[in-house]
> 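A single structure is presented below for examination.
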Amino acid sequence: MNVIDLRSDTVTVPTPAMREAMANAAVGDDVYGEDPTINELEATAAEMFGKEAGLFVVSGTMGNLTSVLTHCQRGDEFILGKQSHIFRYEAGSAAMYGGLQPNTLEVQPDGTLILEQIRGAIRWDNPHEPVTRLICLENTHGGASGAPVPLAYIEQVAEIAREHNLKLHIDGARIFNAATALNTDVKTLTAPADSVSVCLSKGLCAPVGSVIVGSKDFIKRAHRIRKSLGGGMRQAGILAAAGLISLREMSTRLAEDHTNARLLAEGLAATPYIAVKLEQVRTNMFFFTLKPDAPITVSDLIARLQAEHNIIIRPYNAERGEFRVVTHYWIKQQDVYTVLNAVRSLLGVAVKPIEGAAD
Ligand code: TLP
């Protein structure tokens, strides 16, 4: 039986085309700048994002950290969302390795920070205060149920950044999902940003890696930071070969994942004992809640979905009975029906099984 893993799009494994490209990739020593496949990946990313240069890094976390450390000096402050990945889930790396101080603002349900609050968070030029150096946005915003953040808003933040001589970094781990949902391209959507970190190994299916893009000067300095973080790789063209397929091919098919997320969300919303905020289903992830009167506990639901149906779902906040669901390349429409039938049967809900479900 096929495993249906809805915990994250990070669980995606490489496609057969990727495995073939990896096996045949031309490689060299990238610390000497001699890996042709990495050079091609970096140039391709730069071109797609309309930036001067790109840099292949190990992970999304390394992409964000390298970017933040490149923009800031020790003791500087950077403004970002309290629910952002950089602040919540990157092990405090900017403080740990950069001596940087985060100044956090509440993320709104649409993934934005309130512009007036950004202005208010920028420090005065006064020796008592740290120097504000950088603003970070996240697009799509994982802490806001995968909200795609539109260009008009990013332009407004970039305007504030320019007025105060700050840099703007976008954690674009899922920037192609944002561009797909907003019906635009990544070059347009990220034009106002000084740097963007883009994950290849989430919905884009590569086994490893992210790329950061920015000006030539930014990438030159980021190169040294990456080396200092242990991210100087050697014959990693074997990974970049998969990343090229991510950028060129996988980035254009994400609407299918968004459609499946909506189908699943609507099916769950129609199921007794489950609450879903359908207006918050915009890309490939959403949250749902098990109501307190449900005939099964959160932990039993999780355990039985896995043991009896090979379906893996992670509780996002077990106390609130909240789950996060993420669709991706390896979740097909019939898997959505399988999940709905399984959840309904475990809840003891007498609903006619949906046909077309996988066994
Ligand atoms: N996010 C993971 C977990 O760490 C939460 C997930 O399952 O969603 N930026 C964003 C917006 C991310 O969602 C993630 C990973 C990263 C950066 C970090 O990427 P990696 O895991 O490659 O370091």
Side-chain angles (χ1 to χ4, degrees), residues 5-14 45 55-69 78 80-94 96-97 102 104 107 110-113 136-149 154 169-181 186 189-190 193 195-213 226 229-231 233 236 239-240 242-243 246 250 254 257 261 282-287 312-318 322-331:
D5 194 339
L6 294 164
R7 285 172 298 173
S8 180
D9 45 10
T10 59
V11 303
T12 48
V13 296
L55 187 69
F56 185 49
V57 293
V58 171
S59 64
T61 300
M62 189 185 275
N64 284 329
L65 178 59
T66 303
S67 302
V68 170
L69 294 183
F78 65 120
L80 76 175
K82 199 171 178 181
Q83 292 78 16
S84 67
H85 196 276
I86 295 179
F87 182 62
R88 285 175 86 177
Y89 299 126
E90 298 186 5
S93 54
M96 195 184 289
Y97 300 108
T104 58
V107 173
D110 62 357
T112 64
L113 305 173
C136 295
L137 297 176
E138 185 173 316
N139 202 5
T140 63
H141 205 300
S145 186
V149 179
I154 299 170
H169 171 71
I170 296 180
D171 175 356
R174 298 186 178 87
I175 195 70
F176 285 101
N177 293 86
T180 301
V186 289
L189 189 57
T190 63
S195 59
V196 189
S197 171
V198 184
C199 285
L200 305 169
S201 77
K202 298 192 167 55
L204 303 186
C205 280
V208 178
S210 283
V211 206
I212 56 178
V213 290
R226 182 188 71 172
L229 295 173
M233 293 180 282
L239 302 172
S246 295
M250 305 306 281
L254 297 169
D257 301 342
R282 293 153 291 203
T283 55
N284 70 327
M285 70 168 72
F286 66 90
F287 295 86
I312 312 182
I313 295 188
R314 178 170 69 181
Y316 201 73
N317 183 322
E322 195 175 56
F323 298 82
R324 183 183 78 160
V325 163
V326 187
T327 54
H328 51 78
Y329 180 74
W330 296 104
I331 303 293

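The figures here come from the full heavy-atom set of this structure, side chains too, leaving out hydrogens, waters and symmetry mates. In each ligand, atom 1 is the first atom listed, and ligand 1 is the first ligand listed. Since we're looking at a predicted model, the values are computed, not measured.
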> Which atoms form the tightest heavy-atom contact between D9 and V326, and what is the distance?
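Taking D9 first and V326 second, the nearest heavy atoms are N-CG1, 3.5 Å.
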
> Can you name the closest pair of heavy atoms from R226 and F56 and give their distance?
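In this case the closest contact between R226 and F56 is NH1-O, 2.6 Å.
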
> At less than 4.0 angstrom from any atom of ligand 1, which residues have a non-hydrogen atom? List them by chain and residue number.
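Ligand 1 pocket, heavy atoms under 4.0 Å: S8, T10, S59, G60, T61, N64, H85, E90, E138, D171, A173, R174, K202, R314, R324.
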
> Cut-off 3.5 Å, side chains only: do N64 and H169 have a donor facing an acceptor?
yes

> Apply side chain to side chain contact (heavy atoms under 4.5 Å, CB included) to M250 and list each qualifying residue two or more places apart in sequence or on a separate chain.
T15, M18, L204, C205, I245, R253, Y329

> Return the minimal non-hydrogen interatomic distance between A144 and R282, and the atom names on each side.
O-NH2, 2.7 Å

> To the nearest 0.5 Å, what is the distance between OH (Y97) and OG1 (T66)?
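Those atoms lie 11.5 Å apart.
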
